[in-house]
Amino acid sequence: MSLEIKKVFALVDCNNFYASCERLFRPELNGKPIVVLSNNDGCIVARSNEAKALGIPMGEPLFKVKNLIAKHGIHVFSSNYALYGDLSHRVMEVLRQMECDVEVYSIDEAFLSLPVNKTWDRLKYVAVLRERVRKCVGIPVSIGIATTKTLAKAANRVAKKDAAGVFELNGTEQIDKTLQSMDVGDIWGIGRRSVEKLNRYGVYTALDLKRSDETLVRKQLAVVGARTLMELNGIPCISLEQAPPSPKSIVTSRSFGHPVTSFEDLREAVIAYVSRAAEKLRGQGVEADTVNVFVTTGPFDKQAQYSNNQTISLPRPTASTPVMIDAAIRGLRLIYRSGYRYRKAGILITGITAHGNRQLDLFSIGKPMKEDTPLMAALDKINAKWGRGAIQYGISEVSDKPRSMQQTQKSAAYTTSWHELPIAKAAN
DNA sequence: TCTGGGGTCCTAGGACCC
DNA sequence: TCTGGGGTCCTAGGACCC
């Protein structure tokens, strides 16, 4: 009996996404090497093909490749997440208009579920889709098709190298040929540690892994690895998730542009992070009852190292900014030690539940809940209209404060700010 | 001088309970 | 001195992803 397959997966992946976003408004940079930096202009997080060809590694600290950048005149951009988020949204909208099931997997990737139908040309369909994204949004994408998500990822790698930008992995022979040409570490879900372990057992290529003994894989890589093994063999273990569940945790943290030593500066940073996280909670319509605050010195600093964190449980779930700020500051007081040069601080919010699903506590029964929901709603509305940080809690963020971010190469908010809209001129 | 940020899942081990 | 067996919950840490 053969397993009848009714659906296949397609993975749509934006090519060099952040770099493509920057180029969209600077078309003269097409064909030129460009890179995009992380927050604080710290690391390289995206590269155009030309920059990759010049040997700029992913995740490399900027200062290590300064010479290479100067030598080849590589264009450098600070990250502009508002722009990338907006363009991502536009790409996903085009996909949704194509009447197939869509799972938005990350800012630049989406899985689709396509029906298997002999009278229907899947490759042609995704080629049309690809062209539509290019025409409507201007972002180039590659699309890989296969019977499992893991194989669709592999198919996408091939699509990326092909001018057509679309590729389907179909049939044992073709699958094996493709997997043989891939390092095992190129497989989705196989990271550096797993590669080390697998190499010890003579597993080097993706095909080696596909043909590995399940007992061995399960022992070395546990259930996650066993799942990957099955997916490589065409047995789907990871399904399409159309409705993303509400987040289980929300982290807001930043490295400081310069070391921070005083409690006041740390407090100011933590207030800003909590405010942002609480806003996210409200945006998702959820509440949380646990706030963890953490601080750390820089791992690359020569000075004494210190890092610590403190969890504060709230009496009941909330999304109120002042309640959460109060908790975070209490936590910060417990872990702050003077005499250290802090490089990073952040907060982690957990215990997230849907608004209205809250467990009543013994002391609030029968008493009206004192809430500042209307205040928070007003706050969010004003900040949405006038820009993030238009109204804040006791913060004075000015550019010469130590924690302000370094962003020296930032492009304009072309699509999300009225003030920075690009001007189009029509010649007649 | 300069080394990102935000997530998920899994596992092991400790505390605690009956 | 001898100290079971089964279970839950929580946390920290590892590994991975984009």
Side-chain angles (χ1 to χ4, degrees), chain A residues 11-18 35-47 57-67 69 76-81 84-85 88 103-111 149-150 153 156 184-198 218-228 237-238 241 244-259 269 273 276-277 280 284 290 292 294 296-303 307-311 313 341 343-352 402 405-409:
Chain A
L11 174 64
V12 183
D13 191 320
C14 301
N15 300 348
N16 313 322
F17 183 55
Y18 297 169
V35 296
V36 180
L37 306 176
S38 63
N39 276 328
N40 277 318
D41 291 348
C43 293
I44 310 273
V45 294
R47 309 156 293 159
M58 177 66 175
E60 190 79 347
L62 177 62
F63 73 92
K64 286 191 181 174
V65 288
K66 272 264 155 96
N67 289 339
I69 283 170
V76 178
F77 290 91
S78 299
S79 49
N80 186 346
Y81 287 107
Y84 312 148
S88 167
E103 172 191 347
V104 177
Y105 176 68
S106 75
I107 194 164
D108 71 334
E109 284 171 73
F111 285 103
K149 281 185 168 181
T150 304
K153 275 268 193 183
N156 194 281
V184 69
D186 292 333
I187 290 294
W188 189 40
I190 305 296
R192 195 170 44 89
R193 292 298 181 150
S194 301
V195 169
E196 280 172 25
K197 286 183 188 168
L198 290 169
R218 190 172 277 272
K219 195 169 174 201
Q220 294 300 318
L221 310 183
V223 297
V224 183
R227 212 143 51 201
T228 299
C237 302
I238 310 168
E241 308 286 341
S246 66
K248 295 185 170 148
S249 63
I250 291 177
V251 177
T252 310
S253 72
R254 293 283 182 279
S255 296
F256 305 130
H258 306 279
Y273 303 154
R276 179 78 192 103
K280 265 194 212 168
Q284 301 258 356
T290 307
N292 182 277
F294 56 90
T296 181
T297 53
F300 304 101
D301 274 356
K302 302 263 185 311
Q303 285 83 3
S307 60
N308 205 346
N309 74 93
Q310 178 70 45
T311 300
S313 296
R341 290 155 57 85
R343 273 286 175 187
K344 184 175 178 176
I347 57 120
L348 167 67
I349 288 182
T350 53
I352 297 176
M405 261 206 296
Q406 287 181 21
Q407 283 202 319
T408 59
Q409 313 284 334

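As the structure is a prediction and not an experimental result, all values here were calculated from the model. Protein chains get the first letters and strands the later ones, always in sequence-line order, with residue 1 at the start of each.
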According to a strict under-4.0 Å criterion, is A:K66 in side-chain N/O contact with OP1 or OP2 of B:dT1?
-> no
Selected nucleotide, minimal atom distance to A:R193 side chain, candidates C:dC16, B:dG6, C:dC18 = C:dC16
Rounded to whole angstrom units, what separation is found between the NZ atom of A:K149 and the C1' atom of B:dT8?
-> 13 Å
Under the 3.5 angstrom rule, does the side chain of A:S38 hit a backbone N or O of A:C43 as a donor-acceptor pair?
-> yes
For the side chain of A:F63, counting heavy atoms from C-beta on, which of B:dC2, C:dC18, B:dT8 is nearest?
-> B:dC2
Sidechain-backbone polar pair: A:N40 side chain, A:S255 backbone, donor-acceptor under 3.5 Å = yes
Taking atom P of C:dC17 as reference, at what distance in whole Å does atom CG of A:D13 sit?
-> 14 Å
Using a cut-off of less than 4.0 Å, is there contact between a side-chain N or O of A:R227 and OP1 or OP2 of B:dC10?
-> yes
Expressed in angstrom and rounded to an integer, what is the separation of A:L37 atom CG from B:dT3 atom P?
-> 12 Å
To the side chain of A:N40, which of B:dG6, B:dG5, B:dC2 is closest?
-> B:dG5
Among B:dG5, B:dC10, B:dG4, the one nearest any side-chain atom of A:S38 is B:dG4
Picking from B:dG5, B:dC9, B:dT3, which would you name as closest to the side chain of A:K248?
-> B:dC9
The side chain of A:V224 lies closest to which of these nucleotides: C:dC16, B:dT8, B:dC10?
-> B:dC10
Round to a whole Å and report the spacing from CH2 of A:W188 to C1' of C:dC17.
-> 9 Å
For atom CG of A:L348 and atom P of B:dG7, their distance in whole Å = 9 Å
Pair A:E241 + A:K149: basic N to acidic O under 4.0 Å = no
Report the nucleotide, chosen from C:dC17, B:dC2, B:dG6, that has the shortest atom-to-atom distance to any side-chain atom of A:K153.
-> C:dC17
Hunt down the Watson-Crick or G-U wobble partner of B:dC18, both distances under 3.5 Å, from any strand shown, or write none.
-> C:dG5
If you check every side-chain atom of A:Y105, which of B:dT3, C:dC18, B:dG6 has the closest atom?
-> C:dC18
To the nearest angstrom, how far is A:I107 atom CD1 from B:dG6 atom C1'?
-> 11 Å
Of the nucleotides B:dT3, B:dG7, C:dC18, which has the atom closest to the A:V251 side chain?
-> B:dG7
Taking the same atom, P, in C:dC18 and in B:dT3, what whole-Å distance lies between them?
-> 25 Å
Residue from A:L11, A:D186, A:I187 passing side-chain contact (heavy atoms from CB on, under 4.5 Å) with A:K153 | A:L11
Between CD of A:Q220 and C1' of B:dC10 the distance, given in whole Å, is 16 Å
Hey, is the side chain of A:S253 poking within less than 4.0 Å of OP1 or OP2 on B:dG6, counting only N and O atoms?
-> yes
Which pair of heavy atoms, one from A:V45 and one from A:Y18, lies closest together, and at what distance?
-> CG2-CD1, 4.1 Å
A:R192 atom CZ is separated from C:dG14 atom P, nearest whole Å, by 12 Å
What nucleotide, of B:dG4, B:dG5, C:dC16, holds the atom closest to the side chain of A:S194?
-> C:dC16
